[in-house]
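Comments concern the structure below.
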Amino acid sequence: MSNEATLHGHQEVHGSLGHDQGHGHDDHGHHHETFISKYVFSMDHKMIAKQFLITGIVWAIIGAFFSVLFRLQLGFPDTSFPWLQSILGHWAENGHITPQAYYALVTMHGTILVFFVLTAGLSGTFSNFLIPLQVGARDMASPFMNMLSYWFFFLASLVMMSSLFVQTGPASGGWTAYPPLSALGDASIGSKVGMDLWIASMALFVVSQLLGGLNYISTILNMRTKGMSMTKMPLTIWAFFFTAVLGVLSFPVLLSGFILLLFDRHAGTSFYLSDIFVAGKALSNEGGSAILYQHLFWFLGHPEVYIIILPAMGMVSEVLAINSRKPIFGYLAMIGSLFAICILAFLVWAHHMFVTGLNPFLGAFFVLLTLLIAVPSAIKVFNWLTTIWRGNINFTPGALFSIGFVSTFISGGLTGIWLGNSSIDIHLHDTYFVIAHFHIVMGVSAFFGMFAGIYHWFPKMYGRFMNNTLGYIHFWITLVGAYLIFWPMHYEGMAGMPRRYFDYSTWESFKQFADLNHFISIVVIGVFATQMLFVFNFFYSIFKGRKLTNANPWKATTLEWTTPIHAGHGNWPGEIPEVYRWPYDYSKDGIDFIPQTTPIGPNESAH
């Protein structure tokens, strides 16, 4: 499909909503738009990106606040906080969080952060914003489908939010929703209607992800501007492309698992149930296996780790090269490692199931594949370090968060080697070591990549800068705080301290960690307060930040910086620029940067 053909498709969509037919490229920024069509049901990929971002920020505040609440229980198990009762009602009688509320908070925290913030908020924002701008397209292949993608996400958000207000509370069986807790309504109070709403919300979320992913793939493959070959694309686009492929192939498996779960809950089937006793009474379910659900969940669950982290990898590569004023080191190796990670991500899911009775031979197979994925990850780390090595680094908040990403990705990746080894994992499984590992490598790292992207592309989004001083404070407290929170958890995990326990004070062997838990909870509160500083900086800067006067403030080479400061729908007012070179011509032949739109000179040196 050519760019012109897709543009006609784009015009037809507008025409169906009452816009004038037959307008040309120059008309894109001059539609008559109402508030509803511009800010609510917008089909401009840039506005949809902002909708994903702001919705993701709202969810991040809620999800992070839940972690503050349950850390109060873990850090101060004997202390009463009367204000909790005014927030949680009967879930916190006399200022103490009840066990049911604790498990609900933990479940919702994991669900919100993994799916609604780090998947939709991160990938939905930057894939939408950057793909058309960096490949040279007017919009996504289907702007209408793109709009639907956001609204399915928003609808999923409403359903999940509503579960917080039902009488029996939201789901409380963990963010993985393992049966039988999730399959039997009588299993716990959090297995009732809150669980149904959780499943319905996640099904809507999967639809949103599939609509978005298909659009991203179609746009990248079919709508690149003239000269933009696959090997001239920025690494951000490669990362978004592989992320979309991972999502399109793995999310349907998760959806099928949820449908079977609904059948078990309401249709009397036994896909995941067998030999179940509730209150001493045997249920009639026979023949199913809860392990089947784990296979279906983790077939999505492990690619999900990379669905979260790959976009951050792409953005960090871009931000590091720009702020180091150096070409990215090993461009083709970076693409190859993204491809290898994409393939291996599908082949390692069972390393989450070493303690389920997995055949030892199969266990060894998955250990090998798990350790293999360290190779492309190490290649990427090596290339990031060599990119900034001896670079003339401009330490913007975006660059600092990118360097922080590399630091936390190394830290979290190294502990992954422990958990990928089945013999060590048997000891560490479901301990605080696991919490520390995945929070650093896919929580903190992904957030750092997201922050790097927000600080870096904020001027392109809103035509203003965020406040740098607040950005520096945000970075340093978050970096130090993240290590102070999660590094001690490794030691708790090695001592065998299990996760998901409501109260450790009654366990003689874990009383020794009371002061440490106290310390971790205080740091969590401090880091959460710092994120509120970022939220203030973000929204304040949209309206009051320093105005952008140069369309290319970072002196970057890629196409998004060739659009006007406030680009209309269609991105470029005239013809779409043509591309002649790769996106990392920095400090070449004595020139600071050479945009992709500059033709290659006759005596120019090779990359």
Next on the checklist: Can you tell me if Tyr102 has over 12 outside heavy atoms packed within less than 6.0 Å of its OH?
Outcome noted: yes

Next on the checklist: Checking Thr563 against Lys460: is there a side-chain donor and acceptor pair closer than 3.5 Å?
Outcome noted: yes

Next on the checklist: Just checking Tyr491: does its OH atom have more than 12 heavy atoms from other residues, nucleotides or ligands closer to it than 6.0 angstrom?
Outcome noted: no

Checklist entry - Does Lys50 make a cation-pi contact with Tyr462 (under 6.0 Å, within 45 degrees of the axis)? => result yes

Item to check | Value rounded to 0.5 Å, distance of CE in Met147 from NE2 in His45 | outcome: 15.5 Å

Checklist entry - Is the Phe513 to Trp507 ring centre distance short of 6.0 Å? => result no

Checklist entry - Does the side chain of Phe451 reach to within under 4.5 Å of the side chain of Phe405, using non-hydrogen atoms? => result no

Checklist entry - For the residue pair His437 and Phe486, is the inter-centroid distance of their aromatic rings smaller than 6.0 Å? => result no

Next on the checklist: Using a 6.0 Å cut-off, check whether atom OH of Tyr39 has over 12 heavy atoms from anything other than its own residue.
Outcome noted: no

Checklist entry - With respect to Asn146, which candidate in Asp44, Asp139, Asn128, Thr219 satisfies the side chain to side chain donor-acceptor pair (under 3.5 Å) definition? => result Asn128

Checklist entry - Does one side chain, of Asp78 or His96, offer a donor that lies under 3.5 Å from an acceptor on the other? => result no

Checklist entry - Side chains of Phe240 and Pro311: closer than 4.5 Å at any heavy-atom pair? => result yes

